[in-house]
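One structure is given here, and the rest of the page talks about it.
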Amino acid sequence: MADNSRFDHDLVLAHKFPETTFTYTERDAAVYALGVGACGRNAIDSDELKYVYHENGQQFVQVLPTFAALFSLGSLTNGSIDLPGLQYDPRLLLHGQQYIQIYKPFPSSASLINKVSLAGLHDKGKAAILELETKSYEKQSGELLCMNRSTIYLRGAGGFSNSSHPYSYSNYRENQAPALKIPESQPFAVFEDCTQPSQALLYRLSGDYNPLHSDPMIAEVAGFPRPILHGLCSLGFAVRAVIKCICRGDANIITTISGRFLLHVYPGETLITEMWLEGSRVIYQAKVKERNRAVLSGFVDLLRVTSSL
Ligand SMILES: CCCCCCCCCCCCC/C=C/C(=O)SCCNC(=O)CCNC(=O)[C@H](O)C(C)(C)COP(=O)(O)OP(=O)(O)OC[C@H]1O[C@@H](n2cnc3c(N)ncnc32)[C@H](O)[C@@H]1OP(=O)(O)O
């Protein structure tokens, strides 16, 4: 049993996060798009070229909605979280879930102000779960662009509270959680895409430098035979599948993205994303073809569903 006597939930809860800034250019947006596999199968893909190139004389590259998840990564220390009262081994940290609300399409370059707060903290015995919420505002207009809620699964850091009443704090409504039932019916659409063996090395250039994704020795200490893919990279692949198959290439109709990382993915594996339509909600599940295992599931909410579907 880990010694978690220095894990102080009151101190964690009381922490006031400093405001941070994040500035990106369209080059960052394009490098990100390549990192999540845009145009990876087809360099002239008519749905995806606009994310990496000024296609058809368009003035700016467009920005994928999952780019939002990068906005507060600059607050991480080498891919981990440093908070007073939080006692854990950073090598055992895994990304558990990501929830994103998008209030307006992202400009191709911007300066943002991030306001971070604690959204949840739970003692699961074998693990502690930390939920961080980031609201990102455009610096110039003060307009709220998006909200991210990241769930961090800290293996070995649980057991910091009374086991008969495990500590659990959350400041948001249940219906925003990605836990959902995958329909038993045939999926409405299925999309297969290969990640590259170098996928994590490319994706990390977008700002998540946790060595778990690049360093074989760190991966081994974390319990994996080789580096694993960033959860947010897999999420980027799955949401691209939704944009292609359901949004008919129009990512601006996405309002909410939710994903739960069920199992790690190795760079180079093939992701099969299955999608079901329930009203204006797309439920999806991504599986790794080589191991036939579900690795990610969640939902994407749309403003409307294209009439041709
Ligand atoms: C300082 C400010 C900073 C702000 C910035 C925030 C940005 C944050 C971004 C952070 C990015 C960090 C670095 C990135 C790391 C990665 O990308 S790691 C790779 C991606 N992730 C994974 O590959 C994880 C895949 N999932 C798993 O391996 C497993 O699901 C698990 C997480 C190890 C859990 O499995 P297991 O231990 O078997 O759990 P269970 O026994 O089933 O359940 C125990 C309880 O935990 C709950 N739970 C289970 N899975 C998750 C999950 N994915 N997310 C959240 N919660 C989970 C589960 O419900 C159980 O709880 P109860 O139901 O209450 O019992």
Side-chain angles (χ1 to χ4, degrees), residues 12 15-20 22 35-36 66 68-86 88 90-100 114-136 147-159 163 166-168 170 174 177-180 195 199-200 203-204 206-214 218-219 222-224 227-238 258-267 269 271 286 288 291 293-298:
V12 177
H15 182 70
K16 297 278 173 266
F17 294 81
E19 271 184 18
T20 59
F22 179 77
V36 297
T66 43
L70 300 183
F71 293 166
S72 60
L73 286 184
S75 314
L76 299 176
T77 314
N78 235 355
S80 327
I81 290 144
D82 210 359
L83 284 188
L86 191 64
Y88 73 101
R91 297 170 303 181
L92 301 183
L93 176 155
L94 290 172
H95 200 162
Q97 298 175 169
Q98 188 75 17
Y99 176 82
I100 310 171
N114 291 315
K115 295 186 181 174
V116 182
S117 58
L118 191 93
L121 181 62
H122 313 274
D123 185 351
K124 297 290 183 188
K126 62 180 172 179
I129 290 182
L130 181 71
E131 297 178 281
L132 293 171
E133 189 172 293
T134 306
K135 289 186 172 150
S136 301
M147 183 275 273
N148 274 275
R149 194 177 304 118
S150 311
T151 304
I152 320 291
Y153 193 92
L154 306 171
R155 290 176 291 164
S163 58
Y167 185 87
S168 186
S170 164
E174 277 278 306
L180 45 80
T195 66
Q199 202 72 51
Y203 180 82
R204 73 191 285 277
S206 284
D208 185 342
Y209 299 111
N210 188 327
L212 171 63
H213 311 292
S214 47
I218 300 280
F224 302 101
I228 62 171
L229 197 58
H230 303 73
L232 291 175
C233 182
S234 307
L235 183 70
F237 269 78
S258 184
R260 180 166 174 140
F261 306 112
L262 306 170
L263 190 70
H264 56 280
V265 174
Y266 293 110
E269 288 186 316
L271 290 175
V288 158
R291 288 180 283 148
R293 299 283 303 272
V295 290
L296 167 63
S297 69

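Quantities reported herein were computed from a predicted structural model and do not represent experimental measurements. Each ligand, and each atom within it, is numbered from 1 in the order the structure gives.
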key: Part of Tyr153 within contact of ligand 1 (heavy atoms, under 4.0 Å)   = side chain

request  = Return a yes/no value: protein heavy atom under 4.0 Å from atom 56 (N) of ligand 1?
outcome  = yes

Proximal ligand 1 atoms for Lys124, defined as those under 4.0 Å from one of its heavy atoms = 45 (C), 61 (O), 62 (P), 64 (O)

ask   = When rounded to the nearest 0.5 angstrom, what distance separates NE2 in His15 from CG in Leu132?
value = 9.5 Å

inquiry  = According to side chain to side chain contact (heavy atoms under 4.5 Å, CB included), who are the partners of Arg204, at least two apart in sequence or on a separate chain?
reply    = Leu201, Tyr209, Ser214, His230

query = Which of the numbered atoms in ligand 1 are below 4.0 angstrom from a heavy atom of His264?
reply = 23 (O), 25 (C)

task = Write out the residue and atom name of the closest protein heavy atom to atom 5 (C) of ligand 1, then the distance separating them to 0.1 Å.
result = Ser72 OG, 3.4 Å

request  = Can you measure from NE2 (His95) to CG (Leu232) and round to the nearest 0.5 angstrom?
outcome  = 4.5 Å

query = Purely on distance, is any nitrogen or oxygen of His95 under 3.5 Å from one on ligand 1?
reply = yes

ask   = If you measure from each non-hydrogen atom of Ser150 to ligand 1, which part falls under 4.0 Å: side chain, backbone, both or neither?
value = side chain

inquiry  = Please work out, at 4.0 Å between heavy atoms, whether the side chain, the backbone, both, or neither of Arg260 comes within that distance of ligand 1.
reply    = side chain

Spacing of Ile152 atom CD1 and Leu86 atom CG [to the nearest 0.5 Å] = 10.0 Å

task = To the nearest 0.5 Å, tell me how far Asn114 CG sits from Lys135 NZ.
result = 12.5 Å

Nearest-neighbour protein heavy atom for atom 17 (O) of ligand 1, which is reported as residue plus atom name and distance = Gly231 N, 2.9 Å

request  = State whether any protein heavy atom lies less than 4.0 Å from atom 42 (O) of ligand 1.
outcome  = no

ask   = Applying a strict 4.0 Å limit to heavy atoms, is His122 in contact with ligand 1?
value = no

request  = Check Gln98 against ligand 1 and report side chain, backbone, both or neither, counting heavy atoms closer than 4.0 Å.
outcome  = neither

task = For residues His213 and Tyr203, establish whether the separation of their ring centroids is below 6.0 Å.
result = no

request  = For the pair Asp123 (side chain) and Gly158 (backbone), establish whether a donor and an acceptor sit closer than 3.5 Å, ignoring hydrogens and angles.
outcome  = no

message = Tell me whether the count of non-hydrogen atoms from other residues, nucleotides or ligands lying under 6.0 Å of CZ in Arg293 goes above 12.
response = no

request  = Answer with yes or no whether Leu93 contacts ligand 1, where contact means a heavy atom under 4.0 Å from a ligand atom.
outcome  = yes

request  = Nearest 0.5 Å please: distance from the CD1 atom of Ile100 over to the CZ atom of Arg149.
outcome  = 11.5 Å

request  = Enumerate the atoms of ligand 1 whose separation from the nearest heavy atom of Gln97 is less than 4.0 angstrom.
outcome  = 54 (N), 55 (C)

ask   = Is Leu83 close to Phe17 at the side-chain level, that is, under 4.5 Å between some pair of heavy atoms?
value = yes

inquiry  = As an exercise, identify every atom of ligand 1 less than 4.0 angstrom from a heavy atom of His230.
reply    = 17 (O)

note = atom 40 (P) of ligand 1 has as its nearest protein heavy atom Lys126 NZ, 3.8 Å

inquiry  = Under a 4.0 angstrom heavy-atom cut-off, which atoms of ligand 1 come close to Ile228?
reply    = 19 (C)

key: Heavy-atom nearest neighbour of atom 27 (C) of ligand 1 within options Leu262, Leu130, Asp123   = Leu262

query = Are Leu229 and ligand 1 in contact, using a heavy-atom cut-off of under 4.0 Å?
reply = yes

request  = Kindly confirm or rule out an N or O of Leu212 lying under 3.5 angstrom from an N or O of ligand 1.
outcome  = no

task = Report the distance from atom CG of Leu263 to atom CG of Leu94, rounding to the nearest 0.5 Å.
result = 10.0 Å

remark   = Sequence neighbours excluded, the answer for ring-ring contact (aromatic ring centres under 6.0 Å, His included) partners of Tyr153 is none

inquiry  = Measuring only between side-chain heavy atoms, which start at C-beta, is Leu121 closer than 4.5 Å to Ile129?
reply    = no

query = Is the closest protein non-hydrogen atom to atom 65 (O) of ligand 1 under 4.0 Å?
reply = no

inquiry  = What I want to know is whether Phe261 and ligand 1 share at least one N or O pair that is separated by under 3.5 angstrom.
reply    = yes

Region of Ile152 that comes within reach of ligand 1 [heavy atoms, distance under 4.0 Å] = side chain

inquiry  = Looking at Gly35, is its backbone amide N or carbonyl O close enough to the side chain of Gln199 to form a donor-acceptor pair, meaning the two atoms are under 3.5 Å apart?
reply    = yes

inquiry  = Just to confirm my output: which protein heavy-atom neighbour is closest to atom 2 (C) of ligand 1, and how far is it?
reply    = Ser75 CB, 3.6 Å

request  = Determine whether more than 12 heavy atoms belonging to other residues, nucleotides or ligands lie under 6.0 Å from atom CZ of Arg155.
outcome  = yes

request  = Mind checking whether Asp208 contacts ligand 1 via backbone (N, CA, C, O), side chain (CB onward), both or neither, at a 4.0 Å heavy-atom cut-off?
outcome  = side chain

